[in-house]
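Read the structure below first, then the notes.
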Amino acid sequence: MPNPEHVTEIHKGVKSWNQWRRQNPCITPDLTKADLSLLDLSFADLRCAKLCSAKLSGIKLASANLSKADLNRTNLSKTILKFADFTNANLSQANLSRTDLRSTNFTNCNLSEANLSRADLSEAYLRKAYLYKANLSKSVLNKAVLFNADLSYANLSQADLDLAVLKDTYLQNADLTGVQVRGSNFLGACLTGACIDWNINRKTNLTNVICDYVYLKNIYGAGFTNRYPANGTFQPGEFTRRFEQISETIEIVFANGGIKEFDQSFQKLQQEYPEQVLEVEVIEPKNDTEFVARMRTFPKAEQEDTQIFYEEQLLLAKATYELQARNQTIELYKQHSADIMELAKLALGKEKLPINLTIEATAMSNSDGFTNNLQGANIANFANQVSDNARQQANQHNYSSETKSLADAAKEIQMLLEQLSVDYPSDTMKGKYTLANEVIRHIDNNPSLSQRIVSAFSAGSVSALGQFLNHPAASFVISALEDWKKTRAV
């Protein structure tokens, strides 16, 4: 429990508190579990203070002196701590996620197993900081000083470390997938066992890096894979020679329907980059007649693994192309639908007449392109109107219940997508593919959800779900659901 006198003093404000500290230099403030919510303690003297499990929601500690303070397991999420001094402080297992930590001093600070995900540590000073197993995923550490810091087993996935100083830093078994290290200084750093999948440039310094081996992939649930080198260890200086290079972005432009042309270009590029593996990041329309495939390079692992990876990439490329072609077809249908709507209104002579349209069309998509079939498009509305001695007649269909069924199923799939996106990022083609498969796995493991989705499919097509889903991986999920549907008795 906190010391009541100390709690009373700090609630008097920073000026009074700092004066009390000067008058009582030998007293160690005990604010354990104290409720300090919403207090503005900027510039406060909190040296050596005991703040374990204190309630700090909405607190402001900008430029506060917290050197040697004990904040073990304290929740400081989303607080303002820029320019604060945490020299020799204990922040082990503390929650600092999404916190403003710009230019904060963490010299010799214990941050083991702390949660710093999405925190802003721009220009922070972390010399000799202990960050063992800390979570720094998606954090901003550009221009941060991590000289001689211990980041072994830390999660730095998708972190921004551009221009950071990592001289003599310990990064053994750290997760560096998707990390930005352009212009960063790794002079003398130890990277043995780390998972390397980063974005570097010519200014990234890997001089004298100490490294026996690395991994090239991190598969969620399975850990690091693709050890490199597969057997043995790097020779002295070999890691630097292998990795100190630009990860290039390469583009292949091919005609709409020319997936075979893409395949040939892909193989030709592999011959031009014998020491690299090409990873397809995205395939998307460039214009009305062409597609563009963007890919980047990274070092090879075993030849066998490289061949398997290439086959996976080609499969994903074809799947993505077909999905893009299908989406392009759907957009075309929408345009035709709009045109038919206008024609129907003009024919009826009633600009404001509400008309419901259902376009019945067949889209065919394969590895050589796709075709459109809009024959038999029906105006699905019943109306008897006489205009210019002409009788317009059509059949009306009520799809409200079916649409609701599909919308309800899509809502559940949308929620599932959003939940899984936390652990399965969808910013790359591989990520979308993996996320879609994970969605199917969750549906299969939930009999109730599975049955509801099957029932919804009886009311409409799988592709109709697309109009209700809003997610980067939606087209991948639709494709996966179509395959899944074939295994179900609908």
Side-chain angles (χ1 to χ4, degrees), residues 1-126 129-131 133-141 144 422:
M1 295 297 293
N3 185 306
E5 180 186 350
H6 300 174
V7 174
T8 300
E9 287 296 335
I10 202 164
H11 275 277
K12 292 179 180 179
V14 172
K15 184 176 180 180
S16 176
W17 169 263
N18 287 346
Q19 183 178 357
W20 178 78
R21 289 300 308 273
R22 287 192 295 270
Q23 293 171 350
N24 300 276
C26 296
I27 293 179
T28 298
D30 188 352
L31 299 165
T32 306
K33 296 184 178 180
D35 187 354
L36 306 178
S37 302
L38 302 177
L39 290 183
D40 187 349
L41 298 178
S42 300
F43 297 96
D45 183 355
L46 291 162
R47 288 173 297 165
C48 304
K50 296 179 181 179
L51 289 156
C52 294
S53 302
K55 296 179 182 179
L56 305 174
S57 176
I59 196 172
K60 294 180 181 178
L61 288 164
S63 300
N65 187 347
L66 289 142
S67 58
K68 296 184 179 180
D70 187 356
L71 294 117
N72 178 46
R73 298 175 182 270
T74 302
N75 185 5
L76 287 159
S77 178
K78 300 181 183 179
T79 55
I80 299 174
L81 294 167
K82 60 182 179 180
F83 300 107
D85 185 0
F86 286 98
T87 302
N88 294 308
N90 178 17
L91 282 159
S92 61
Q93 299 183 57
N95 184 4
L96 293 153
S97 62
R98 301 176 184 270
T99 300
D100 185 350
L101 296 164
R102 289 173 293 170
S103 301
T104 300
N105 185 0
F106 288 104
T107 300
N108 287 317
C109 182
N110 180 4
L111 286 156
S112 61
E113 300 185 65
N115 182 4
L116 292 143
S117 61
R118 298 179 185 270
D120 189 348
L121 289 144
S122 302
E123 300 186 37
Y125 196 71
L126 295 118
Y130 185 57
L131 289 145
K133 286 189 176 180
N135 181 5
L136 291 143
S137 63
K138 298 183 180 180
S139 61
V140 178
L141 286 149
V422 176

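This one's a predicted model, so the numbers in the text were calculated from it and none came from an experiment.
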Self-check item: Polar side-chain atom of Arg21 near backbone of Asp45 as donor-acceptor pair, under 3.5 Å
Solution: yes

Which atom pairs, one a donor and one an acceptor, fall under 3.5 Å between side chains of residues 61-68 and the rest of the protein, sequence neighbours left out?
from: Asn65; atom 1: OD1; to: Ser67; atom 2: N; distance (Å): 3.2
from: Asn65; atom 1: OD1; to: Ser67; atom 2: OG; distance (Å): 2.9

Quiz prompt | Partner residues of Ser16 under the side-chain contact (heavy atoms from CB on, under 4.5 Å) criterion, sequence neighbours left out | solution = Glu9, Lys12

Exercise. Please step through side-chain contact (heavy atoms from CB on, under 4.5 Å) for the pair Cys109 and Leu91, ending with a clear verdict.
Key: CA-CA 7 Å; Cys109 182; Leu91 282 159; 3.7 Å; yes

Quiz item: Tell me, do Leu101 and Asp120 make a side-chain contact under 4.5 Å, heavy atoms counted?
Solution: no

Quiz prompt | Distance (rounded to the nearest 0.5 Å) between Thr99 OG1 and Leu121 CG | solution = 9.0 Å

Practice problem: Name all pairs fulfilling the ring-ring contact (aromatic ring centres under 6.0 Å, His included) condition that reach into residues 32-51, sequence neighbours left out, sorted by first residue then second. | Solution: none

Practice problem: Give the minimum heavy-atom separation between Leu39 and Ile59, together with the two atoms involved. | Solution: O-CG1, 3.2 Å

Exercise. Under the side-chain contact (heavy atoms from CB on, under 4.5 Å) rule, what do Leu116 and Asn135 come out as? Steps first, then yes or no, please.
Key: CA-CA 5 Å; Leu116 292 143; Asn135 181 5; over 6 Å; no

Self-check item: Approximate separation, where rounding is to 0.5 Å, of Arg47 CZ and Thr28 OG1
Solution: 10.5 Å

Quiz prompt | Val140 and Arg102: CA distance, side-chain angles, deciding distance, side-chain contact (heavy atoms from CB on, under 4.5 Å) verdict | solution = CA-CA 9 Å; Val140 178; Arg102 289 173 293 170; over 6 Å; no

Self-check item: Ser53 vs Lys33, side-chain contact (heavy atoms from CB on, under 4.5 Å): CA-CA, chis, key distance, verdict
Solution: CA-CA 5 Å; Ser53 302; Lys33 296 184 178 180; 3.8 Å; yes

Exercise. List the steps, then state whether salt bridge (charged side-chain N to carboxylate O under 4.0 Å, His left out) holds for Lys50 with Asp70.
Key: CA-CA 5 Å; Lys50 296 179 181 179; Asp70 187 356; over 6 Å; no

Quiz item: Who passes salt bridge (Lys or Arg N to Asp or Glu O under 4.0 Å) against Glu123, sequence neighbours left out?
Solution: none

Quiz item: Do the side chains of Ser42 and Lys60 get nearer than 4.5 Å, heavy atoms only?
Solution: yes

Quiz prompt | Atom of Trp17, atom of Pro29 and distance for their closest heavy-atom approach | solution = CH2-CB, 3.8 Å

Quiz prompt | Smallest separation among heavy atoms of Ser139 and Leu141, with atom names | solution = OG-CD1, 3.6 Å

Quiz item: If you measure from CG on Asn108 to CG on Leu111, what distance do you get to the nearest 0.5 Å?
Solution: 11.0 Å

Quiz item: Distance from Thr107 atom OG1 to Asn88 atom CG, nearest 0.5 Å?
Solution: 8.0 Å

Exercise. Identify, with sequence neighbours excluded, every residue that meets side-chain contact (heavy atoms from CB on, under 4.5 Å) alongside Ile27.
Key: His6, Trp20, Asn24

Quiz item: How many angstroms lie between atom CG of Asp30 and atom CE of Met1, to the nearest 0.5 angstrom?
Solution: 10.0 Å

Exercise. Enter the distance from Asn115:CG to Leu136:CG here, rounded to the nearest 0.5 Å.
Key: 9.0 Å

Quiz item: If every non-hydrogen atom of Val7 is compared with every non-hydrogen atom of Pro2, which pair is closest and at what distance?
Solution: CG2-CB, 3.7 Å

Quiz item: Considering only heavy atoms from C-beta outward, does the side chain of Thr104 approach that of Leu126 to under 4.5 Å?
Solution: no

Contacts table for residues 74-87: side-chain donor-acceptor under 3.5 angstrom, sequence neighbours left out:
from: Thr74; atom 1: OG1; to: Leu51; atom 2: O; distance (Å): 3.2
from: Thr74; atom 1: OG1; to: Leu71; atom 2: O; distance (Å): 2.9
from: Asn75; atom 1: OD1; to: Ser77; atom 2: N; distance (Å): 3.1
from: Asn75; atom 1: OD1; to: Asn95; atom 2: ND2; distance (Å): 3.3
from: Ser77; atom 1: OG; to: Ser97; atom 2: O; distance (Å): 3.0
from: Ser77; atom 1: OG; to: Ser97; atom 2: OG; distance (Å): 3.2
from: Thr79; atom 1: OG1; to: Leu76; atom 2: O; distance (Å): 2.6
from: Asp85; atom 1: OD1; to: Thr87; atom 2: N; distance (Å): 3.0
from: Asp85; atom 1: OD1; to: Thr87; atom 2: OG1; distance (Å): 2.6
from: Thr87; atom 1: OG1; to: Asn105; atom 2: ND2; distance (Å): 3.2

